Amino acid sequence: MPSAGSPGRGVSQGIPTAVSNRMARRITIATGIPSVLGMGVFIASYLLVSRSILDIPPGITLVASGGCFLLGLLGLSYGVLSSSWEDAPGSLLGLEQIGLNVGRLRSSFKRPPASS
């Protein structure tokens, strides 16, 4: 008797490994760099203020680091939406895939769920 997740039962297998690896790589880069920059803003601000090089208001530090972390949050969505679901990996940045994947996402909300 086939299990519920076997291919013979018509159950979707989820995200293919190659696609999930692409997503993970893009998410790591698109969220990692802004997050490191966000932490770097705190360190740079501390060093500049503690050594009396610049007098940076705490609000400026907060806004600058918050902007970097917000950019990292947008990078999470970018990493998922820019990944190609085709066998070919697509371009380096995957900008051509965003419109296609957003369209797929929208159509999945418009369709009624499959009956079991």
Side-chain angles (χ1 to χ4, degrees):
M1 179 172 160
S3 66
S6 68
R9 303 268 308 197
V11 176
S12 175
Q13 296 296 315
I15 299 173
T17 304
V19 175
S20 65
N21 289 341
R22 272 184 231 135
M23 284 182 188
R25 188 172 38 252
R26 288 197 174 147
I27 289 170
T28 300
I29 293 169
T31 61
I33 292 172
S35 297
V36 168
L37 289 174
M39 290 181 274
V41 166
F42 279 111
I43 295 169
S45 178
Y46 170 76
L47 291 174
L48 291 171
V49 170
S50 68
R51 295 183 180 180
S52 300
I53 297 172
L54 281 175
D55 187 25
I56 302 172
I60 299 293
T61 302
L62 183 65
V63 167
S65 64
C68 290
F69 288 122
L70 182 61
L71 190 61
L73 184 61
L74 292 174
L76 180 65
S77 298
Y78 166 77
V80 171
L81 293 174
S82 68
S83 296
S84 170
W85 279 68
E86 308 303 324
D87 289 334
S91 69
L92 181 64
L93 296 177
L95 296 175
E96 73 283 353
Q97 292 295 321
I98 293 175
L100 178 63
N101 289 336
V102 167
R104 289 176 179 165
L105 183 64
R106 285 183 179 162
S107 69
S108 71
F109 287 120
K110 292 177 184 176
R111 273 192 314 234
S115 61
S116 14

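Every heavy atom of this structure was used, including side-chain atoms; hydrogens, water molecules and symmetry mates were not. Just so you know, residue 1 is the first one in the sequence shown, and it goes up from there. Since we're looking at a predicted model, the values are computed, not measured.
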### Message
Consider side-chain contact (heavy atoms from CB on, under 4.5 Å). Of Arg22, Glu96, Met23, which one does Ser84 pass it with?
### Response
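Of all the options given, the one that passes is Arg22.
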
Hey, what do you get for [atom1] ([X]) to [atom2] ([Y]), rounding to the nearest 0.5 Å?
X: Leu54; Y: Ile56; atom1: CG; atom2: CD1; value: 5.0 Å
X: Ile60; Y: Ser65; atom1: CD1; atom2: OG; value: 11.0 Å
X: Ile53; Y: Leu47; atom1: CD1; atom2: CG; value: 8.0 Å
X: Thr28; Y: Leu76; atom1: OG1; atom2: CG; value: 10.0 Å
X: Tyr46; Y: Thr61; atom1: OH; atom2: OG1; value: 13.0 Å
X: Ser83; Y: Ile27; atom1: OG; atom2: CD1; value: 7.0 Å

### Query
For Ser82, does its backbone N or O pair with a side-chain atom of Arg26 as donor and acceptor, under 3.5 Å?
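Such a contact is found between Arg26 side chain and Ser82 backbone.
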
### Donor-acceptor under 3.5 Å (Ser108 side chain, Leu105 main chain)
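Answer holds: yes.
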
So do the side chains of [X] and [Y] get within less than 4.5 Å of each other, counting heavy atoms only?
X: Trp85; Y: Arg104; answer: yes
X: Phe69; Y: Pro34; answer: no
X: Tyr78; Y: Ile98; answer: yes

### Query
Do you know which two heavy atoms are closest between Ala30 and Gly75, and how far apart they sit?
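Heavy atoms only, the tightest pair is CB-O, 3.4 Å.
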
### Query
If Ile, Leu, Val, Met, Phe, Trp and Tyr residues are connected whenever their side-chain heavy atoms lie under 4.5 Å apart, and connections chain through other members, are Val80 and Val19 in the same group?
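As far as the 4.5 Å side-chain criterion goes, Val19 and Val80 are connected within one cluster.
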
### Task
Please answer: with hydrophobic residues joined when any side-chain heavy atoms are less than 4.5 Å apart, are Ile29 and Leu37 in the same cluster?
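Same cluster.
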
### Query
Can you tell me if CG on Leu92 sees more than 12 non-hydrogen neighbours from other groups inside 6.0 Å?
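12 or below, so no.
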
### Query
After noting the C-alpha distance and the side-chain angles of Val102 and Leu81, does the key distance pass the side chain to side chain contact (heavy atoms under 4.5 Å, CB included) rule?
CA-CA 7 Å; Val102 167; Leu81 293 174; 4.0 Å; yes

